Amino acid sequence: MVQTPVKSTSKLPPSRHKYADVVHRLEAGGAMLPDSPENLMQIIGIYKAYAVPMDFYWRDLLYIGEKVFVDPLPFFKYFLPQEYLDLHNHYQGDDADYRVWRKGEATAHPELLEFMDKGELKKNFPRIFHHLWHDRINMEFAEECMRSMLWHRLGGGMDLYLDTPEYKQAADEAIKSYFKGNPAMLTLYKLFPDLFLEQCRQASYYANLGLFWEVMAPVFFEISDRYDSGEITTVPQAMDFLVNCIFIAAGRPIYHHVKIRDEVHKIIPKDLGLMWLYDAALPYVEAVFYRTSPFRGTKSYNAQAKQIPENQEDFHYGILYADVFPVGTAGIPPTQLMQDMFHFLPPYLKDYYHKHCRNEDDMLIQLGISFQRSMYVVTSAVFNGLRTALLYPLDDPNPRHLMANRNFFESQLDRFLRPEARIGSIQNQEYR
């Protein structure tokens with residue numbers, strides 16, 4: 001288990017960084033978010049509220065990547081079949097590869113199943129009615145996360161593999177098998193092969209994100225249970241738990257298998273060597289937390305207007321930069337995720353929002369701010385995971401090693417020097 005010391009080192013002079021207090025807190029084993037009972041309560045409540053819809057996200061993402069695949073008219077891709085509701089999570093249940101969530105069953109979460117049956121209306125109407133009424137889990141949010149990863153193409157080894165002859169050959173065989181017996185679609189594929197190849201790449205990213213969230217759902221369920229039982233009492237402890245889970249899942253294979261009738265096409269085989277940490281988790285954090293793209297309608301995509309950056313690395317529309325007061329200005333529409341989490345808030349977080357909200361409609365904004373705080377803690381866990389893997393212990397006796405750690409933390413915090421960054425806001429308890 002990764003352990004972080006609680007005492008700051010005195011072997012280095014004070015940092016001169018704009019966020020020197022945050023640098024010193026990271027060096028002492030803390031997170032970018034200050035440690036307080038209120039902050040801890042908010043982030044843990046959000047992790048629980050996020051875990052339930054995430055349990056749907058990862059199942060539906062795998063279903064789309066493995067079964068829907070390159071269907072040109074996927075009208076029912078959000079109608080998750082029972083096979084995928086019963087699909088066992090590899091990190092919960094008695095047959096888990098590694099049981100992260102100690103109390104959880106391997107199949108879909110009971111709160112999720114209840115919501116799928118009754119929705120906000122609390123009525124057992126046919127699923128198509130709930131869908132058309134938009135009384136459902138918002139998979140559009142998950143798809144936007146996937147598209148952000150696909151557009152920025154930061155997937156390390158996976159990204160490189162998508163352009164190899166081996167991938168193209170496997171994709172070609174799967175696409176032809178998928179459209180077998182459909183001469184119209186086979187003709188279209190022959191005329192526009194690159195179009196269908198790009199759809200296959202998108203399906204691979206569906207699978208990638210599904211495998212990433214399959215890990216994170218039980219992680220968030222377990223951290224909530226540990227908070228409820230009194231095992232996690234501080235923000236640094238919550239961050240340490242996330243770091244440990246990152247290392248537990250780090251080497252998990254990332255793959256894309258397509259199930260067509262009775263045949264499985266291994267478009268990205270498990271034995272290729274792609275791993276959860278480097279080919280899913282880190283690209284996700286970079287593409288979704290930091291970059292994404294401007295929310296439609298807030299910026300012009302016209303190149304001549306120059307309202308968005310010319311270089312991909314300059315994109316700054318993720319949740320770490322989002323202004324959540326006018327909800328919707330983040331790159332990926334936070335309103336959809338906020339609405340999904342709203343259904344599953346633990347009672348203590350509902351009570352907190354009722355105490356601080358200006359009215360009922362304000363609750364989604366407050367929820368969004370808590371979500372932003374929680375993602376700064378997840379990002380802090382990523383910092384510490386990378387520091388653990390690449391650099392030195394926080395209590396290393398060698399000052400040069402401690403300075404290397406500091407340089408690393410300061411370089412990471414340099415990304416929050418932009419005026420849009422909310423790192424300064426989350427230092428204030430009154431940021432609501």
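What you are looking at is a predicted structure, and each value in this text was computed from that prediction instead of being measured. All residue numbers in this chain count up from 1 along the given sequence.
Qualifying salt bridge (Lys or Arg N to Asp or Glu O under 4.0 Å) partners for Arg252, counting only residues two or more places apart in sequence or in other chains: Glu214. Residues satisfying the side-chain hydrogen bond (donor to acceptor under 3.5 Å, both in side chains) test with Tyr167, not counting sequence neighbours, are Ser204.
Ring geometry for Trp101 against Phe221 counts as parallel: the plane angle stays under 30°, on a 0 to 90° scale with 60° as the upper cut. Taking the six-membered ring where tryptophan is involved, the planes of Phe141 and Tyr50 are perpendicular, since the angle between them exceeds 60° and thus also 30°. Below 30°, between 30° and 60°, or above 60°: for Tyr348 and Tyr227 the angle between ring planes is between 30° and 60°, a tilted geometry. Between Phe79 and His131, the two ring planes are tilted [angle within 30° to 60°].
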Query - Worked verdict on Tyr290 versus Leu320 for side chain to side chain contact (heavy atoms under 4.5 Å, CB included) - result: CA-CA 6 Å; Tyr290 287 102; Leu320 301 180; 3.9 Å; yes
Requested in this report: Carefully, step by step, assess Arg201 and Asp194 under the rule salt bridge (Lys or Arg N to Asp or Glu O under 4.0 Å).
Outcome: CA-CA 10 Å; Arg201 290 189 178 110; Asp194 289 342; over 6 Å; no
Query - Derivation of the salt bridge (Lys or Arg N to Asp or Glu O under 4.0 Å) call for Glu231 and Arg102 - result: CA-CA 13 Å; Glu231 295 176 67; Arg102 296 172 295 181; 3.1 Å; yes
Requested in this report: Go through Gln372 and Tyr431 one step at a time and tell me if the side-chain hydrogen bond (donor to acceptor under 3.5 Å, both in side chains) criterion holds.
Outcome: CA-CA 11 Å; Gln372 194 168 62; Tyr431 175 49; 2.7 Å; yes
Report task. Kindly indicate, with the supporting measurements, whether the criterion side-chain hydrogen bond (donor to acceptor under 3.5 Å, both in side chains) is fulfilled by Asp362 and His356. Result -> CA-CA 9 Å; Asp362 184 49; His356 292 287; over 6 Å; no
Requested in this report: Please report the C-alpha distance between Lys355 and Asp351 in whole Å, then the side-chain angles of each, then the deciding distance to 0.1 Å, and finally whether the salt bridge (Lys or Arg N to Asp or Glu O under 4.0 Å) criterion is met.
Outcome: CA-CA 6 Å; Lys355 179 180 177 182; Asp351 293 341; over 6 Å; no
Requested in this report: Applying side-chain hydrogen bond (donor to acceptor under 3.5 Å, both in side chains), run through Trp276 and Asp279 and close with a yes or a no.
Outcome: CA-CA 6 Å; Trp276 182 88; Asp279 298 292; over 6 Å; no
Requested in this report: List the steps, then state whether side-chain hydrogen bond (donor to acceptor under 3.5 Å, both in side chains) holds for Asp340 with Gln336.
Outcome: CA-CA 6 Å; Asp340 284 345; Gln336 294 179 326; over 6 Å; no
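The side-chain heavy atoms of Tyr278 and Met275, taken from C-beta on, include a pair separated by under 4.5 Å.
Remark: the Thr335 side chain and the Gln339 side chain contain no N/O donor-acceptor pair separated by less than 3.5 Å. Asp95 and His90 form no side-chain donor-acceptor contact under 3.5 Å, judged by distance and modelled atom types alone. Between the side chains of Asn208 and His256, no donor-acceptor pair of N or O atoms lies under 3.5 Å.
With respect to Arg99 and Glu105, no salt bridge is recorded, no charged nitrogen being found less than 4.0 Å from a carboxylate O. Between Glu83 and Lys67 a salt bridge is recorded (basic side-chain N to carboxylate O distance below 4.0 Å). Comment: Glu166 does not engage Lys168 in a salt bridge, judged by the lack of any side-chain N to carboxylate O separation of less than 4.0 angstrom. For Arg387 and Glu27, the salt-bridge test fails: no basic side-chain N is under 4.0 Å from an acidic carboxylate O.
Here Asn405 contributes atom CG and Tyr392 contributes atom OH; the two are 8.0 Å apart, rounded to the nearest 0.5 Å. To the nearest 0.5 Å, the span separating CZ on Arg291 from CZ on Arg415 amounts to 6.5 Å. Considering CD1 of Ile365 and OH of Tyr353, their distance stands at 12.0 Å, rounded to 0.5 Å. Here the straight-line distance linking atom CD of Glu310 with atom CG of Asp314 works out to 9.0 Å at 0.5 Å rounding. If you take NE2 on His152 and CD on Glu313, they are separated by 10.5 Å, rounding to the nearest 0.5 Å. How far CG of Leu12 is from CZ of Arg400: 13.0 Å, rounded to the nearest 0.5 Å.
Looking at every heavy atom in both residues, Gly385 comes nearest to Phe247 through O-CZ, 3.4 Å. When every heavy atom of Tyr317 is checked against every heavy atom of Gln307, the shortest pair comes out as OH-O, 4.0 Å. In terms of heavy-atom proximity, Ser15 sits nearest to Glu410 at OG-OE2, 2.5 Å. Nearest heavy-atom pair across Leu417 and Tyr19 is CD2-CE1, 4.2 Å. The two residues Leu402 and Leu394 come nearest to each other via the heavy atoms CD2-O, 3.5 Å. A pairwise comparison of heavy atoms in Pro269 and His257 identifies CA-NE2, 4.0 Å as the closest pair.
Thr292 places no side-chain N or O within 3.5 Å of a backbone atom of Val288 that could act as its donor or acceptor partner. Listed for the Arg59 side chain is a donor-acceptor partner under 3.5 Å among the backbone atoms of Tyr84. Using a distance-only test at 3.5 Å, with no hydrogens or angles considered, no donor-acceptor pair links the side chain of Asp60 to the main chain of Leu80. Side chain of Ser148 to main chain of Glu144: no donor-acceptor pair is present (N/O by atom type, distance under 3.5 Å, no hydrogens or angles). Distance alone, capped at 3.5 Å, is enough to place a donor-acceptor pair between the Gln427 side chain and the Met32 backbone. Checking side-chain atoms of Asp55 against main-chain N and O of Ala51 turns up no donor-acceptor pair under 3.5 Å. Side-chain N or O atoms of Asn138 include none that pairs as donor or acceptor with a backbone N or O of Glu140 at under 3.5 Å. A donor-acceptor pair under 3.5 Å is formed between the side chain of Arg422 and the backbone N or O of Ala322. At least one donor-acceptor pair under 3.5 Å links the side chain of Asp135 to the backbone N or O of Glu120. Remark: side-chain polar atoms of Thr388 are paired, donor with acceptor, to backbone N or O of Asn384 under 3.5 angstrom.
Ring centroid separation for the pair Phe315 and Trp151 comes in under the 6.0 Å cut-off. Checked against a 6.0 Å centroid threshold, the rings of Phe69 and Tyr178 count as neighbours. In this structure, Phe416 has its ring center under 6.0 Å from that of Tyr376. Tyr284 and Trp213 have their aromatic ring centers within a separation under 6.0 angstrom.
For Lys350, the NZ atom counts as loosely surrounded, since its 6.0 Å shell holds 12 or fewer non-hydrogen atoms of other residues, nucleotides or ligands.
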Distance-only donor-acceptor hits, side chain of residues 39-48, under 3.5 Å, sequence neighbours excluded:
{"from": "Asn39", "atom 1": "OD1", "to": "Arg373", "atom 2": "NH1", "distance (Å)": "3.4"}
{"from": "Asn39", "atom 1": "OD1", "to": "Gln429", "atom 2": "NE2", "distance (Å)": "3.0"}
{"from": "Asn39", "atom 1": "ND2", "to": "Pro34", "atom 2": "O", "distance (Å)": "2.9"}
{"from": "Asn39", "atom 1": "ND2", "to": "Ser36", "atom 2": "OG", "distance (Å)": "3.4"}
{"from": "Gln42", "atom 1": "OE1", "to": "Ser370", "atom 2": "OG", "distance (Å)": "2.5"}
{"from": "Gln42", "atom 1": "NE2", "to": "Tyr352", "atom 2": "OH", "distance (Å)": "3.2"}
{"from": "Tyr47", "atom 1": "OH", "to": "Ser374", "atom 2": "O", "distance (Å)": "3.0"}
{"from": "Lys48", "atom 1": "NZ", "to": "Glu111", "atom 2": "OE1", "distance (Å)": "3.4"}
{"from": "Lys48", "atom 1": "NZ", "to": "Glu111", "atom 2": "OE2", "distance (Å)": "2.9"}

